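First the proteins, then the strands, lettered A, B, ... as listed; each starts at 1. The model shown is predicted, which means the values in this text are computed figures rather than measured ones.
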Amino acid sequence: LITWNTLLYALGKAGELQDAYELFGELKAKGLKPDGFTYNAVINIVGSMGLVEEACILFSAMKEAGCKPDVYVYSTLVNRLSKAGYIDRAWTLFREMKEQGCEPNLVTYNTVISGLGKAGEMDEARNLLQEMKALGFDMDVITYNSMMDGLRRADQVDEALTLFQEMKDANVVADRVTYHILITGLCQESRVEEAWELFQEMREKKFVADLILYNILIAGLCRAGQVSRGETLMRQMRSDGCVPDVVTYNTVIGGLGDFGRYEDARKLYIEMKERGCSPD
RNA sequence: AUUAUUCUUGUA
């Protein structure tokens with residue numbers, strides 16, 4: 001069974017979702033009894049295929065088969081439900097798990113906090129954070145990132161920055177994702193100078209910017225009316241091994257157009273094609 | 001310990 005579970009997990013991780021799901025059918029056909037690991041893997045796989053209802057059916061089947069869901073299975077399904085936009089059902093399941101005596105751990109709390117943030121329910125997220133702390137859990141980098149991203153989505157970038165400071169004070173080390181979230185939020189609000197400062201701080205910490213972050217920054221600069229700076233950054237990103245893609249070019253071409261710099265826009269369009277990037 | 005959690009960019 002462990003072999004099957006391992007294979008199932010590997011297929012799921014590799015994105016071979018169909019095969020994985022078929023493997024589950026095969027396993028049952030062989031008369032093997034799926035355990036918590038099996039169900040967890042398969043619920044996660046089915047959920048990531050966008051079939052949440054199917055995942056819920058599997059969850060029920062699991063319980064009917066006398067297999068008690070553990071903290072992993074609950075957390076997985078809570079995650080899948082909130083990813084599918086059913087934050088209320090995720091919340092109900094979270095409550096059910098507590099009622100069943102299955103203690104949520106830090107991952108479970110992070111999952112629900114992130115789900116609430118995506119649903120725009122930051123008040124609930126803050127309450128849950130308090131509950132979590134009261135139970136003695138310390139916020140980790142994922143907790144902070146989830147909270148900050150929720151705040152960013154709710155246009156509460158200053159609150160996110162405050163949390164960033166708290167994070168530093170608590171000696172929780174910011175990672176690449178932390179910087180992405182904050183830089184995205186600042187760009188969103190056209191606060192490009194602050195975004196730029198954080199970008200520098202990020203690089204001092206030896207994090208390498210990726211294509212997406214460059215695109216976010218370039219779009220931020222263009223939106224803030226600093227197209228030339230955006231263009232400069234587009235030239236510099238190659239030194240980080242990032243090749244401008246169709247999104248980068250569209251962003252800068254659009255920015256140039258907004259400022260009436262049609263000739264520059266045209267030149268860039270030609271350059272883009274010369275560099276082998278085809279317009280979409 | 002074979003399993004779960006955070007960021008994913010451009011547009012009319």
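Contact check, A:K118 against B:C7: a side-chain N or O comes under 4.0 Å of OP1 or OP2. A close approach under 4.0 Å does not occur between any side-chain nitrogen or oxygen of A:Y72 and OP1 or OP2 of B:A1. Residue A:R153 places at least one side-chain N or O closer than 4.0 Å to OP1 or OP2 of B:U8.
A:L8 places its CG atom 10 Å from the C1' atom of B:U2, with the value rounded to the nearest Å. Protein atom CZ of A:R80 is 13 Å distant from nucleotide atom C1' of B:U6, rounded to whole Å. When the P atom of B:U9 is taken as reference, atom CG of A:L213 falls 12 Å away, rounded to whole Å. Rounded to an integer number of Å, the gap from A:L221 CG to B:U9 C1' is 13 Å.
In this structure, A:Y72 has its ring center no closer than 6.0 Å to that of A:Y39. Taking the six-membered ring for Trp and the full ring otherwise, the centers of A:Y74 and A:F59 sit less than 6.0 Å from each other. Aromatic ring centres of A:F199 and A:Y214: separated by under 6.0 Å.
A perpendicular orientation is assigned to the rings of A:Y109 and A:F94, their planes being inclined by more than 60° (bins at 30° and 60°).
Across all strands, A:F37 comes closer than 4.0 Å to base atoms (heavy-atom distances). In this structure, A:N105 reaches the bases: a heavy-atom distance under 4.0 Å links it to at least one base atom across the strands shown. Base contact: A:I212 has a heavy atom under 4.0 Å from a base atom. As judged by a 4.0 angstrom heavy-atom cut-off over every strand, A:S75 is placed among the base-contacting residues. Looking at heavy-atom distances under 4.0 Å, A:N5 makes contact with a base. Using a 4.0 Å heavy-atom criterion, one finds that A:D280 contacts the bases of the nucleic acid, with or without backbone contacts as well. When heavy atoms are screened at a 4.0 angstrom cut-off, A:K83 is found touching the sugar-phosphate backbone but no base atom.
With B:C7, B:U5, B:U2 as the candidates, the nucleotide lying closest to the side chain of A:I181 is B:C7. When distances run from any side-chain atom of A:T184 to the nucleotides B:U2, B:C7, B:U5, the shortest one goes to B:C7. Of the candidate nucleotides B:U5, B:A4, B:U6, B:A4 has the atom lying nearest to any side-chain atom of A:Y9.
Contact of A:R152 with B:C7 (side chain to base): no donor-acceptor pair of N or O atoms is detected under 3.5 Å.
For the pair A:C187 and A:L217, the minimum side-chain heavy-atom distance is below 4.5 Å.
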